[in-house]
Amino acid sequence: KSYKVKHGHCNVPQRAGKLGAWVKRQRDKYRQSHMSDERAQKLESIGFQWSPRPINNPLKWDEMFEELQSFKTEHGHCNVPTNSGKLGRW
């Protein structure tokens, strides 16, 4: 809960020490059906997301599309290197 209060979400990066590793284990257990409904509901009650990346979020998609348009204007193409931050991973 304290992470959510500080950051506004429950998407703890895996590299964020013990809490990040714990969150990854919870997602793994959930995907493998090794988590009780009670624990899953507790996590969901504080806004825990089973997928750390929003899926089919139209606002996020539009934001990334705008970044791609800017990249194309600057570079003349849409071949964004994968090591170019969020846009490269998108």
Side-chain angles (χ1 to χ4, degrees):
K1 285 184 179 182
S2 62
Y3 184 92
K4 183 179 180 181
V5 170
K6 184 175 181 180
H7 299 278
H9 60 80
C10 296
N11 292 330
V12 183
Q14 186 176 343
R15 65 185 179 281
K18 289 180 181 180
L19 182 59
W22 182 85
V23 165
K24 181 185 182 321
R25 281 193 308 276
Q26 302 318 298
R27 287 187 174 120
D28 290 344
K29 286 180 182 183
Y30 180 80
R31 283 188 199 107
Q32 298 165 359
S33 299
H34 291 116
M35 178 178 285
S36 70
D37 289 342
E38 180 184 353
R39 286 188 176 183
Q41 288 171 1
K42 276 185 170 181
L43 289 168
E44 289 169 356
S45 76
I46 61 165
F48 190 88
Q49 295 177 327
W50 299 111
S51 176
R53 295 185 184 134
I55 298 172
N56 297 328
N57 180 338
L59 296 176
K60 185 69 171 172
W61 192 92
D62 290 341
E63 177 185 317
M64 296 308 296
F65 183 74
E66 287 178 22
E67 282 193 42
L68 181 60
Q69 286 178 312
S70 297
F71 181 92
K72 183 177 182 182
T73 299
E74 183 177 339
H75 300 280
H77 60 81
C78 294
N79 297 326
V80 182
T82 55
N83 63 355
S84 293
K86 288 181 185 179
L87 186 59
R89 291 187 301 272
W90 184 66

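All figures in this text were calculated on a predicted structure; none of them were measured in a lab.
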> Quick one: CD on Glu63 to CG on Leu87, what's the gap to the nearest 0.5 Å?
Replying inline: 10.5 Å

> Hey, what's the ring geometry for Trp50 with Tyr30, parallel, tilted or perpendicular (30° and 60° as the breaks)?
Replying inline: parallel

> Should Ile46 and Trp22 be counted in the same cluster of Ile, Leu, Val, Met, Phe, Trp and Tyr side chains packed under 4.5 Å apart?
Replying inline: no

> Given Val80 and Glu67, is the side-chain contact (heavy atoms from CB on, under 4.5 Å) satisfied, shown in steps?
Replying inline: CA-CA 11 Å; Val80 182; Glu67 282 193 42; over 6 Å; no

>> Applying salt bridge (charged side-chain N to carboxylate O under 4.0 Å, His left out), can you list everything that pairs with Arg31, at least two apart in sequence or on another chain?
In response: Asp28

>> Nearest 0.5 Å, please: how far is CZ in Arg89 from CG in Asn83?
In response: 10.0 Å

> Going from NE2 on His9 to CD on Gln49, what distance comes out if it is rounded to the nearest 0.5 angstrom?
Replying inline: 9.0 Å

>> With heavy-atom distances below 4.5 Å as the criterion, would you say the side chains of Arg27 and Phe48 are in contact?
In response: yes

> Which value, rounded to the nearest 0.5 Å, describes the distance between Gln41 atom CD and Met35 atom CE?
Replying inline: 11.5 Å

> What is the minimum heavy-atom distance between Tyr3 and Asn11, and which atoms define it?
Replying inline: OH-O, 3.9 Å

>> Quick check on Glu38: does its CD atom have over 12 non-hydrogen neighbours (other residues, nucleotides or ligands) under 6.0 Å away?
In response: no

>> To the closest 0.5 Å, what do you measure between NZ (Lys72) and CG (Asn79)?
In response: 10.0 Å

> To the nearest 0.5 Å, how far apart are SG in Cys78 and CZ in Phe71?
Replying inline: 8.0 Å

> If you count the non-hydrogen atoms of other residues, nucleotides and ligands that lie under 6.0 Å from CD in Gln14, is the total more than 12?
Replying inline: no

